[in-house]
Structure formats: structure tokens, C-alpha cells
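One-based numbering along the sequence shown. What you see is a predicted model; the values in this text were computed from it and never measured.
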Amino acid sequence: MTIGSPTDTITYVRALGLIVGGYGAYTRDKRRETDVAVKEEIVRCADRVRTHVENVHDAAYSDGNIKLAKECTKTIEEIDALRNDVNLGETGGEHPFFSKQISANKKTLNKLIKHDHETLTILVKAVNRSNDLEKAVAEGEDGVSEVRSTRQLISSVRGHFSERRAVLRKIK
């Protein structure tokens with residue numbers, strides 16, 4: 001789906017503003033702050049998922065459910081990899097986009113806004129899934145398929161976040 005009109009972009013900006021406090025939609029004077037806010041929100045959500053999965057891991061280990069504990073460990077490793085990707089992620093191709101206020105066309109900025117929204121939307125699903133996982137395990141369910149599903153969502157976030165580099169390279 002491409003963003004065709006400014007009203008489409010406004011919808012994404014408003015949604016991101018609700019998720020990320022201080023979201024400035026990459027306006028000229030707020031580019032670096034906006035990028036930092038998006039990355040901090042990704043890490044914050046990843047930490048929430050990690051906390052839920054750690055709780056399930058600890059309970060599974062205590063109960064002797066090694067299969068579930070191993071699946072949780074794999075998911076925790078994927079979350080740590082996501083956090084690492086975000087912390088070491090680029091902030092703009094060959095030029096320091098966020099430190100120098102160089103020009104960027106609206107189409108590219110709109111793609112970046114839409115991309116950030118999609119990334120955070122997938123991550124919110126992972127947070128909800130991990131919360132459901134913890135609840136299901138507390139109620140006595142197996143939880144293996146839920147933890148695998150959570151890991152798949154985190155993996156999707158990692159892949160989607162890595163595509164951000166291609167969008168940033170178009171900013172010159």
C-alpha cells in the first residue's frame with residue numbers, strides 16, 4: 001500500500017503519536033528526536049515481550065517443562081537480537097541524515113513514517129501475544145505454540161526493521 005495523499009500520512013502520524021510520545025513525524029527540526037523516540041519505543045516494547053517470555057521460561061523451568069523453557073530461550077535470544085539491531089541500526093545511509101538537516105522529499109519521509117508505523121504495529125501484536133502466552137501458561141496450557149508464534153512476530157519485526165535501511169538510503 002502506498003501513501004497517495006497527505007491525509008493518508010496524517011493517519012499514520014496520529015497513530016504513531018499515540019504509540020510514541022513526542023513523535024514529530026520527522027519534521028526538519030525534530031528528525032533526530034523522532035528517530036530516537038521510535039527506536040526507544042521499539043526497545044521498550046521488546047523489553048515488555050522479553051519480560052513476559054522470561055516469566056514463562058522461569059515457570060517452565062521450575063515445573064520441569066524443558067521443551068517450553070528451550071522455546072522461551074530461543075525467543076529471548078531473538079528479542080535480544082532485535083534490541084541489538086535497533087541499538088546499532090543506521091540513522092541514514094551515506095549522509096548523517098539526522099545530524100545534518102539535509103533535504104528529504106515528502107514521499108520518502110512518508111514512506112519512513114508508514115514503515116515505522118508498520119514496525120510498531122507488528123511489535124504491539126508481539127506484546128499482546130506474549131501477554132496471552134503468559135496467561136495461557138499460568139492457566140495450565142502447554143504454551144509451546146504460543147511462544148513460537150511470539151518468536152515469529154519478533155523475527156518479523158527484525159526483518160521489517162532491517163528494511164528501514166533501504167528507506168533511509170533514499171534520503172539524500
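- Rounding to the nearest 0.5 angstrom, the gap separating the CD atom in Glu71 from the CG atom in Leu133 is 11.0 Å.
- Note on Lys114 versus Glu118: salt bridge recorded, some NZ/NE/NH1/NH2 to OD/OE distance being below 4.0 Å.
- Here the CZ atom belonging to Arg129 is positioned 5.0 Å from the CG atom belonging to Leu153, to the nearest 0.5 angstrom.
- In this structure, a donor-acceptor pair under 3.5 Å is absent between the side chains of Glu146 and Thr150.
- Here the CD atom belonging to Glu78 is positioned 10.0 Å from the CD atom belonging to Gln152, to the nearest 0.5 angstrom.
- With sequence neighbours excluded, the residues satisfying side chain to side chain contact (heavy atoms under 4.5 Å, CB included) with Asn84 are Leu88.
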Output, in order, the C-alpha distance, side-chain angles, deciding distance and verdict of side chain to side chain contact (heavy atoms under 4.5 Å, CB included) for His57 and Thr73.
-> CA-CA 7 Å; His57 174 271; Thr73 300; 3.4 Å; yes

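- Not counting sequence neighbours, the partners of His115 by the side chain to side chain donor-acceptor pair (under 3.5 Å) test are His160.
- In terms of the side chain to side chain contact (heavy atoms under 4.5 Å, CB included) criterion, residue partners of Glu134 (sequence neighbours excluded) are, by chain and number, His52, Asn55, Val56.
- Salt bridge status for Lys74 with Glu77: absent, with no side-chain N to carboxylate O gap under 4.0 Å.
- Under the side chain to side chain donor-acceptor pair (under 3.5 Å) criterion, Asp80 pairs with Arg50, not counting sequence neighbours.
- Asp58 meets the side chain to side chain contact (heavy atoms under 4.5 Å, CB included) test with no other residue; sequence neighbours excluded.
- By the side chain to side chain contact (heavy atoms under 4.5 Å, CB included) test, Lys67 is found to be paired with Asn65, Val144, Arg148, residues two or more places apart in sequence or in another chain being considered.
- Rounded to the nearest 0.5 angstrom, Leu82 CG and Phe161 CZ are separated by 8.0 Å.
- Atom-to-atom distance recorded for Cys45:SG and Asn128:CG is 9.5 Å, nearest 0.5 angstrom.
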